[in-house]
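Only one structure is covered here, and it is reproduced in the block below.
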Amino acid sequence: MAPTPEWIKTFNEKKALLACPNNLDDYFEEREVAGKSIDHLELGSVSIPTGEILVRDPLVFIQRDAEPYTYKVPVGEFPVTAAVVVPDDEDGARYAAVKVQFTAHDAVRFEEALIGIEDLESFEEGEFFGFNVDAGLGCILDKQTLLLFCDFQDKFIAENPGKNLYDDYFAALFAANYNANPTHQREGGDWINWQIPGTNYNIPFFQSGFGDGTYPVYFGFDAADQICSLIIQFIDIELAYGEEFE
């Protein structure tokens, strides 16, 4: 569904309010933010065959009619990195943000990713729309890989009556990935890079920071105003851990 001309007009009027208040690249370039040690975890690549990109909860919100973001991104295989708040005596590892890097260029600004149906009229500074998480996980996928995921999901349900897609399929993959890559994972596993069976397409799954909730997604734009990255912000590190918050 394409955005209406009225929505586009309102979007242009509100564009400044959709900017991210943080320099999200700091999460991926610095080793400390707001007094918290940050590590960087490589999650493999994500397949983007059409350029129509989505961010979803892979266990609850995978539907065929899910709309991609209004901006298209480059097509291909792209590296995915998690910025992790290093565990300490008080808490375990928290995935503060997850980034897809599309080009070699750095972002000079970040703008929230939207699907073109959001109510922008009453949108105010400091707010965001985001995507919903209800199973403690997020994933990055393409419109084509979404449909293939749905095909897999439908086939699994049809062939495994009474079974659960996570408990009876994905849980073993998460546990195996923990055994192979235990850094910044709980024993049950906090991330996988799933290759859709019967394809060469990969969809990374990862823990969602503080768990269930609504989280913003931002496109990074370079100096030529071209999309160079996409970043999911699960934790505003400065707000959550900074001195002002304390």
Side-chain angles (χ1 to χ4, degrees), residues 24-48 54-62 77-101 130-141 145 149 152-153 156 163-197 201-217 229-238 240-241:
L24 294 175
D25 274 342
D26 284 349
Y27 293 11
F28 299 90
E29 296 172 358
E30 303 295 334
R31 289 292 177 177
E32 183 176 301
V33 177
K36 283 290 185 178
S37 296
I38 306 298
D39 204 357
H40 305 113
L41 193 61
E42 302 303 326
L43 307 184
S45 65
V46 60
S47 305
I48 308 294
L54 306 89
V55 176
R56 311 290 287 181
D57 178 323
L59 300 181
V60 181
F61 297 111
I62 294 297
E77 298 283 328
F78 302 100
V80 181
T81 305
V84 182
V85 178
V86 175
D88 55 26
D89 294 337
E90 298 179 355
D91 200 4
R94 296 285 183 180
Y95 293 19
V98 173
K99 178 180 184 179
V100 183
Q101 188 69 40
F131 77 106
N132 295 321
V133 172
D134 200 39
L137 293 170
C139 75
I140 302 165
L141 63 170
T145 59
F149 191 165
F152 173 83
Q153 185 174 251
F156 179 88
K163 291 192 174 182
N164 176 278
L165 186 59
Y166 181 80
D167 292 340
D168 299 299
Y169 178 78
F170 282 121
L173 300 182
F174 274 91
N177 188 54
Y178 164 77
N179 289 329
N181 307 284
T183 302
H184 301 319
Q185 293 201 71
R186 295 165 295 182
E187 286 191 14
D190 279 315
W191 69 273
I192 59 173
N193 194 300
W194 180 52
Q195 185 172 89
I196 305 171
Y201 294 137
N202 295 311
I203 301 175
F205 297 14
F206 34 81
Q207 63 136 288
S208 55
F210 286 140
D212 297 343
T214 302
Y215 297 101
V217 180
S229 61
L230 175 141
I231 297 180
I232 305 164
Q233 187 182 30
F234 288 122
I235 300 173
D236 183 327
I237 300 175
E238 295 87 346
Y241 300 110

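With sequence neighbours left out, the ring-ring contact (aromatic ring centres under 6.0 Å, His included) criterion links Phe152 to Tyr169, Trp194. Residues satisfying the side chain to side chain contact (heavy atoms under 4.5 Å, CB included) test with Glu42, not counting sequence neighbours, are Thr81.
Contact annotation: the side chain of Arg186 never approaches that of Tyr178 to less than 4.5 Å [non-hydrogen atoms, C-beta and beyond]. In this structure, Asp134 and Asn132 have side chains that are not in contact, with every pair of non-hydrogen atoms separated by 4.5 Å or more. Looking at heavy atoms from C-beta onward, Ile140 lies in side-chain contact with Ile232 at the 4.5 angstrom threshold.
Nearest heavy atom pair, residue Ile235 against residue Tyr27, reads O-CE2, 3.6 Å. The heavy-atom pair separating Gly188 from Phe174 by the smallest distance is O-CB, 3.2 Å. Scanning all heavy atoms of the two residues, the minimum distance from Ala97 to Ile231 falls at CB-CG2, 4.1 Å. The nearest pair of heavy atoms linking Thr145 to Ile196 is O-CD1, 3.8 Å. Considering every non-hydrogen atom in both Leu43 and Ala82, the closest pair reads CD1-CB, 4.1 Å. Cys139 approaches Leu141 most closely through the heavy-atom pair SG-CD2, 3.5 Å.
Within the 3.5 Å criterion, the main-chain N or O of Ala135 finds a donor-acceptor partner in the side chain of Asp57. Here the side chain of Gln185 pairs a donor or acceptor atom with the backbone of Asp190 at under 3.5 angstrom. Looking only at distances, no side-chain donor or acceptor of Asn177 sits under 3.5 Å from a matching main-chain atom of Leu173. Side chain of Asn202 to main chain of Val46: no donor-acceptor pair is present (N/O by atom type, distance under 3.5 Å, no hydrogens or angles).
The CZ atom of Arg94 lies 9.5 Å from the OG atom of Ser208; values are rounded to the nearest 0.5 Å. Once rounded to the nearest 0.5 Å, the distance linking OG of Ser45 with CD of Gln195 reads 9.0 Å. Atoms CD1 and CD1, on Ile203 and Ile62 in that order, are 7.0 Å from each other to the nearest 0.5 Å.
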Determine, stepwise, if the pair Glu77 / Ser47 fulfils side chain to side chain donor-acceptor pair (under 3.5 Å).
-> CA-CA 5 Å; Glu77 298 283 328; Ser47 305; 2.6 Å; yes
Dump the intermediate steps for side-chain contact (heavy atoms from CB on, under 4.5 Å) on Asp39 and Arg31, then the final yes or no.
-> CA-CA 6 Å; Asp39 204 357; Arg31 289 292 177 177; 2.9 Å; yes
Evaluate side-chain contact (heavy atoms from CB on, under 4.5 Å) for Trp191 paired with His184, printing each intermediate quantity in order.
-> CA-CA 10 Å; Trp191 69 273; His184 301 319; over 6 Å; no
Apply the test side-chain contact (heavy atoms from CB on, under 4.5 Å) to residues Ile38 and Val84: give CA-CA distance (whole Å), side-chain angles for both, the deciding distance (0.1 Å), then the verdict.
-> CA-CA 5 Å; Ile38 306 298; Val84 182; 6.0 Å; no
side-chain contact (heavy atoms from CB on, under 4.5 Å) between Lys99 and Leu24, worked out | CA-CA 9 Å; Lys99 178 180 184 179; Leu24 294 175; over 6 Å; no
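Phe149 and Phe205 have parallel rings, their planes meeting at less than 30° on a 0 to 90° scale where 60° marks the start of perpendicular.
Taking the centre of each ring, Phe131 and Phe61 stay at or above the 6.0 Å mark.
The ring pair (Phe, Tyr, Trp, His ring centres under 6.0 Å) test with Tyr215 singles out one residue from Phe206, Tyr95, Phe234, and that residue is Phe234. Of the residues listed (Asp88, Asp91, Asp26), the one engaging Lys36 in a salt bridge (charged side-chain N to carboxylate O under 4.0 Å, His left out) is Asp88, and it is the only one.
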